[in-house]
Amino acid sequence: MKDCHWEPSEQQDQIASLDELRQKCPVAKSEMLGHAVLTHSDVRSVIEDHETFSNAAGSHLSVPNGMDPPEHGIFREVIEPYFKADRLRNFEPTCRQIAQDIIGRITPNTALDVVSKIAKPFALHIQCAFLGWPESLTDTLGEWLEANQQAIVNNDRATLKQKADEFEALIHQQLDVRRQSNTAKDDNTYRLMHETVTVNGEKRCLRDEEIVSILRNWTAGEVGTIAAAIGSIFYFFAENPLVAEQIRNGDLSTDDAVDEILRIDPPLISNRRRATKDTEISGCPVKRGEKVTVLWASANRDESVFSKADTFSPEQNKANNLLYGRGIHICPGAPLARMELRIFTEELLKHFEEFEITDEPKRANYPSGGFRDLFMKLG
Ligand code: HEM
């Protein structure tokens, strides 16, 4: 087997680069990612074996992303109800209003960058509304996420620490507002402050650092992926007007279409694990303690499962689509993400029929998916 090496870089088109790499080897070695797992079957075997591949891959508290059983299950049980159908039904009208307001700002037949003007503001506004945070926080949150992403790319530990402290301060402000107010606020941040967990036989409220971590993971989980997903949906409609037409006419389920668009053009590139014992992946030895990274952006385009990576076949590919993961860490926010993307797509297609790319699109760099900027005219 060839000894392949891969590092994410700012120059490369990461999707094309992973497509090429996957033809050469199932697992690549990487300074940044450790063992980079590329094929659909290997990614599945890693994410479905949480005993060999631990999620406790980082050094800071990450609830529940960076936890293993039994602790993971305790916290997972707390957050799952926030994404259940009845809660989401109540949130749907707010979500639609935000989509209508943002899409309503688009001037027809005038070029604009849909990433900075539409996709990011939509994701940020929705997230603030979902958590019950003031709209005025959207700009701060947007700037925080950009700077945090840049620090991840640069592996800049000092800035990452500073950004973590800033996020913590921002959440503490939100917790304090709720603690000081006599009128109990009925929002998701307030609800989270009143959740209990039973750890080692002791029932207690969530600690502040756990609330901060949950909210950080929801925010990071939502904003980057939803913004990337929306950019990719715009791009796909420009390239595939007939699919847009089928969705508009109700001949194709919006949810199925969006899941398939995002299989082809992944909003989330990867997630980390750490080996708990000496093992191997497709014959590549992995030592206990070594980093392993599952590349959704490669596995979901693996030709041995999806025949042609770029062919849009929602029905055929649905069962194997790993967009929201598998196993115990499968995305709890998937129902919310699907609702947000469905509503956005419905509103977009109600207002516009023509999608034209006006400038060479720029793809985002690792660890983001989607586009850095995408100039389009809508009519
Ligand atoms: C298009 C949008 C989204 C995509 C593609 C996506 C994808 C994923 C994937 C693949 C995982 C599994 C990670 C792993 O196995 O390590 C995951 C986990 C997670 N996602 Fe999402 N996600 C999206 C939106 C959201 C939203 C809206 C939220 C919450 C507001 C969210 C919260 C989380 C959390 C908390 C986890 C960790 C779950 C655990 O460890 O048990 N995600 N997501």
Side-chain angles (χ1 to χ4, degrees), residues 37 40 43-50 53-58 61-84 87-88 91 95 119 122-124 126-133 141 188-189 192 210-211 213-233 255 258-274 291-300 321-345 367-370:
V37 186
H40 191 273
V43 165
R44 278 198 64 171
S45 57
V46 168
I47 59 181
E48 286 170 2
D49 181 359
H50 57 262
F53 300 100
S54 161
N55 261 49
L61 177 72
S62 176
V63 186
N65 312 36
M67 293 175 158
D68 291 327
E71 195 186 26
H72 173 261
I74 296 171
F75 288 90
R76 179 87 195 195
E77 212 174 289
V78 172
I79 66 167
E80 277 184 348
Y82 288 73
F83 306 101
K84 289 274 180 264
R87 300 254 187 118
L88 295 186
F91 185 55
C95 188
F122 176 73
L124 287 162
I126 289 273
Q127 186 63 1
C128 283
F130 181 69
L131 298 175
W133 295 353
L141 209 54
N188 279 340
T189 303
L192 215 46
E210 290 161 350
I211 299 174
S213 176
I214 290 174
L215 290 172
R216 186 175 40 230
N217 283 332
W218 286 4
T219 306
E222 204 265 6
V223 182
T225 49
I226 294 294
I230 291 200
S232 298
I233 291 169
D255 279 349
V258 168
D259 274 14
E260 175 68 350
I261 292 170
L262 303 180
R263 178 194 66 73
I264 295 171
D265 195 348
L268 181 68
I269 304 297
S270 66
N271 278 106
R272 286 185 305 171
R273 299 289 189 270
R274 202 172 281 277
K291 275 192 284 191
V292 173
T293 300
V294 288
L295 272 303
W296 311 111
S298 170
N300 250 353
N321 193 341
L322 296 177
L323 177 63
Y324 293 104
R326 288 277 167 92
I328 63 167
H329 294 280
I330 190 169
C331 181
L336 173 65
R338 285 203 173 99
M339 183 184 87
E340 292 176 2
L341 296 172
R342 172 174 52 77
I343 287 177
F344 184 88
T345 305
S368 304

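Residues take their numbers from the sequence shown, with the count starting at 1. We count ligands from 1, going down the list as the structure has it; atoms in each ligand are counted the same way. Remember, predicted model here, so these are calculated numbers, not experimental data.
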Roughly how far, to the nearest 0.5 Å, is CZ of Arg272 from CG of Asn65?
10.5 Å
For residues 321-341, which residue pairs pass the salt bridge (charged side-chain N to carboxylate O under 4.0 Å, His left out) check, not counting sequence neighbours?
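For residues 321-341: Asp259-Arg338.
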Could you verify whether a donor N or O on one side chain and an acceptor N or O on the other, from His72 and His329, lie under 3.5 Å apart?
yes
Who are the side-chain contact (heavy atoms from CB on, under 4.5 Å) partners of Cys331, not counting sequence neighbours?
Tyr324, Ala334
Please name all residues satisfying side-chain hydrogen bond (donor to acceptor under 3.5 Å, both in side chains) with Arg76, sequence neighbours left out, ordered by chain then number.
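Only Glu80 meet the side-chain hydrogen bond (donor to acceptor under 3.5 Å, both in side chains) criterion with Arg76.
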So does Glu48 have more than 12 non-hydrogen atoms from other groups sitting under 6.0 Å from CD?
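It does: Glu48 CD has more than 12 such atoms within range.
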Can you list every protein residue that has a heavy atom under 4.0 Å from any atom of ligand 1, sorted by chain and residue number?
Asn55, Pro64, Asn65, His72, Arg76, Phe83, Trp218, Gly221, Glu222, Thr225, Pro267, Leu268, Asn271, Arg273, Trp296, Leu323, Tyr324, Gly325, Ile328, His329, Cys331, Pro332, Gly333, Leu336, Ala337
